[in-house]
Amino acid sequence: MRRPSDRSWGAPTYGARFVSHLRERLVRAPNGPGNTGHSSKMNRLAETAERVPVLIAGGSLVGLSASLFLGRLEIGHLLVEKHPRTSHHPRGRGNNIRTMELYRTAGVESAIREAAAVLADNHGIMQTPSLAGEEHNWLFRDIDPGGKAARISPSAWCLCSQNDLEPVLLKAAQDLGGDLRFGTELLSFEQDADGVTAVILDRRTEARSTVRADYLIAADGPRSPVREALGIGQSGHGELFHNVSITFRAKRLADVVGDRRFIACYLTNPEADGALLPVDNQEQWVFHAPWHPERGEALEEFTDERCAQHIRTAIGMPDLEVEITGKAPWHAAERVADTYGFGRVFLAGDSAHE
Ligand SMILES: Cc1cc2nc3c(=O)[nH]c(=O)nc-3n(C[C@H](O)[C@H](O)[C@H](O)COP(=O)(O)OP(=O)(O)OC[C@H]3O[C@@H](n4cnc5c(N)ncnc54)[C@H](O)[C@@H]3O)c2cc1C
């Protein structure tokens, strides 16, 4: 197990020795008398805490899904998400068959397909040195060639941008009675044999309060503060590549793309490469521009002007009007947590595996 981080976030309680001590106590006598592991301060807080069966930290794709699935099972829960709203960046887009089967079970498959209708005819990955010319090749045309998967599943792969998917999950989870609080951050937590005591912060009012839950789900992303606080290490290849995910508007691009309805198009101009992804097949697009921090390239160097110029060169239209509407760094990584849970805390989503 990796050394716990030195951040104040949970670290004083979750030193490596404490973790192994707690693990021993939880394993030996989960319900044994006096096996609280609580600091006296947390003990006092637990007495006055709001009580809930499950606390979910993180209200993105996985936290919202956890809320939805718990709601279907009528299990009470509270979700806290530090951001004020769901993602406005398209982010992840491909939802595989198993994911769609689970959403089908939860009764939201058709709502997701409706939200994703604008991309329903986009299939395949294309590659070309320039979109301006005719030359291009398809790395693959169909995600389910020959309909093999369709014969064994009632669901199918679905291209739905995260900013379209998350509001569907949020509404469905709320309709099922879930208590989902945006603008609310999990500040710290402690666990004992009987539950988890957490301190949360309402970022609008700056009010802190305490929650006592039977279980904590850490859907708090790849840098998971909960995983860090528990001292759970990760293994795997590590970072694979970095890019800057740029959202932009370009009115004339659809004319050039024509009927080549791709999921993604790899643009291979050595002067400016990257991947182009449709948002509405009309004016709104995403471009993934390679970013090389290992060569000392700073994020600040990705100015709007540079991004627009890179996109024009990559696409092969030097006079294309490009309006940059957003930028966010993103890296793909291959890392798996050494354990997916500890005691009453479970890791889910990118906190468990990137
Ligand atoms: C710019 C960008 C582009 C991407 N593009 C792609 C792509 O093209 N394809 C692809 O497959 N994937 C992509 N991804 C990755 C994809 O978005 C993630 O894999 C996915 O969102 C993981 O979901 P998650 O819920 O596990 O974690 P996250 O989406 O990381 O969500 C974690 C949430 O927890 C919240 N949180 C963290 N700590 C706390 C706390 N203490 N209290 C309260 N809330 C907290 C965070 O605010 C966040 O909302 C992209 C990601 C980014 C950022």
Side-chain angles (χ1 to χ4, degrees), residues 5 7-10 55-69 78-96 99 119 125 157-166 169-170 173 180-189 198-203 208-209 211 216-230 239-247 263-266 274-279 285-289 291 299 302 325-337 340 345-354:
S5 70
R7 67 169 81 199
S8 59
W9 212 98
L55 174 63
I56 304 169
S60 177
L61 212 48
V62 172
L64 291 170
S65 299
S67 168
L68 173 63
F69 295 132
L78 164 64
L79 177 151
V80 292
E81 164 55 53
K82 65 183 178 186
H83 287 115
R85 46 156 289 170
T86 53
S87 170
H88 48 72
H89 195 289
R91 298 178 71 186
R93 301 147 54 86
N95 299 282
N96 69 28
T99 302
L119 296 174
I125 305 265
W157 193 85
C158 177
L159 184 63
C160 183
S161 301
Q162 211 165 318
N163 59 326
D164 291 328
L165 174 56
E166 288 181 3
L169 301 176
L170 172 62
L180 291 87
R181 296 183 204 166
F182 280 72
T184 306
E185 185 174 356
L186 172 68
L187 288 183
S188 64
F189 68 94
V199 177
I200 60 172
L201 170 76
D202 181 326
R203 296 176 89 169
R208 286 166 191 241
S209 58
V211 177
L216 169 64
I217 296 178
D220 53 351
R223 285 187 291 276
S224 177
V226 171
R227 188 191 64 231
E228 289 282 320
L230 288 171
E239 277 161 22
L240 301 173
F241 60 84
H242 291 257
N243 62 36
V244 177
S245 183
I246 305 159
T247 52
I263 296 167
C265 174
Y266 296 141
L276 178 71
L277 306 103
V279 173
W285 305 84
V286 174
F287 190 88
H288 285 177
W291 171 33
L299 201 51
F302 285 81
T325 53
K327 285 176 285 188
W330 177 57
H331 68 261
E334 187 191 302
R335 288 195 195 95
V336 182
Y340 283 4
V345 184
F346 299 96
L347 308 183
D350 276 13
S351 72
H353 46 72
E354 288 181 72

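Just so you know, ligand 1 is whichever comes first in the structure, and atom 1 is the first atom listed for that ligand.
- Every atom of ligand 1 with a heavy atom of H288 under 4.0 Å away is listed here by number and element: 8 (O).
- Of the polar atoms of H83, at least one N or O is found under 3.5 Å from an N or O of ligand 1, judged by distance alone.
- H331 is linked by a ring-ring contact (aromatic ring centres under 6.0 Å, His included) to H242, counting only residues two or more places apart in sequence or in another chain.
- At least one N or O atom of Q162, backbone or side chain, sits closer than 3.5 Å to an N or O atom of ligand 1.
- Looking only at side-chain heavy atoms (C-beta outward), I56 and L180 stay at 4.5 Å or farther from each other.
- Of the polar atoms of L186, at least one N or O is found under 3.5 Å from an N or O of ligand 1, judged by distance alone.
- Among L61, I56, V244, D220, the residue whose heavy atom lies nearest to atom 23 (O) of ligand 1 is L61.
- Between R203 and P84 the shortest side-chain heavy-atom distance does not fall below 4.5 Å.
- Below 30°, between 30° and 60°, or above 60°: for Y340 and H353 the angle between ring planes is between 30° and 60°, a tilted geometry.
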task: Would you check, one step at a time, whether the test side chain to side chain contact (heavy atoms under 4.5 Å, CB included) holds for R181 with I200?
output: CA-CA 11 Å; R181 296 183 204 166; I200 60 172; 4.0 Å; yes
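- The side-chain heavy atoms of S209 and D202, taken from C-beta on, include no pair separated by under 4.5 Å.
- Taking only nitrogen or oxygen atoms, main chain and side chain alike, E81 reaches within less than 3.5 Å of ligand 1.
- With a 4.5 Å cut-off on side-chain heavy atoms, L277 and S245 do not count as touching.
- Each of the atoms 1 (C) of ligand 1 lies under 4.0 Å from some heavy atom of A328.
- Interface of P222 with ligand 1, defined as ligand atoms under 4.0 Å from a residue heavy atom, comprises 30 (O).
- The minimum heavy-atom distance linking R93 with P278 is given by the pair NH2-O, 2.7 Å.
- Listed by number with element, the atoms of ligand 1 under 4.0 Å from a non-hydrogen atom of T184 are 43 (C).
- Of the candidates W330, F189, F182, the one placing a heavy atom closest to atom 2 (C) of ligand 1 is W330.
- A heavy-atom distance below 4.5 Å is found between the side chains of L186 and L55.
- Looking at E185 next to ligand 1, no N or O pair under 3.5 Å apart turns up.
- Using a 4.5 Å heavy-atom cutoff, the side chains of V62 and D350 are not in contact.
- Numbered from 1 in the order shown, with element, the atoms of ligand 1 that lie under 4.0 Å from a heavy atom of A219 read 32 (C), 33 (C), 34 (O).
- Residue-ligand proximity, G349 to ligand 1, at heavy-atom distances under 4.0 Å covers atoms 26 (O).
- Near V80, meaning under 4.0 Å from one of its heavy atoms, ligand 1 places the atoms 43 (C), 44 (N).
- Not a single heavy atom of A57 sits closer than 4.0 Å to an atom of ligand 1.
- The shortest N or O to N or O distance between P329 and ligand 1 is not under 3.5 Å.
- Neither the backbone nor the side chain of L277 comes within 4.0 Å of ligand 1, counting heavy atoms alone.
- Within 6.0 Å of the OH atom in Y266, the count of heavy atoms belonging to other residues, nucleotides or ligands does not exceed 12.
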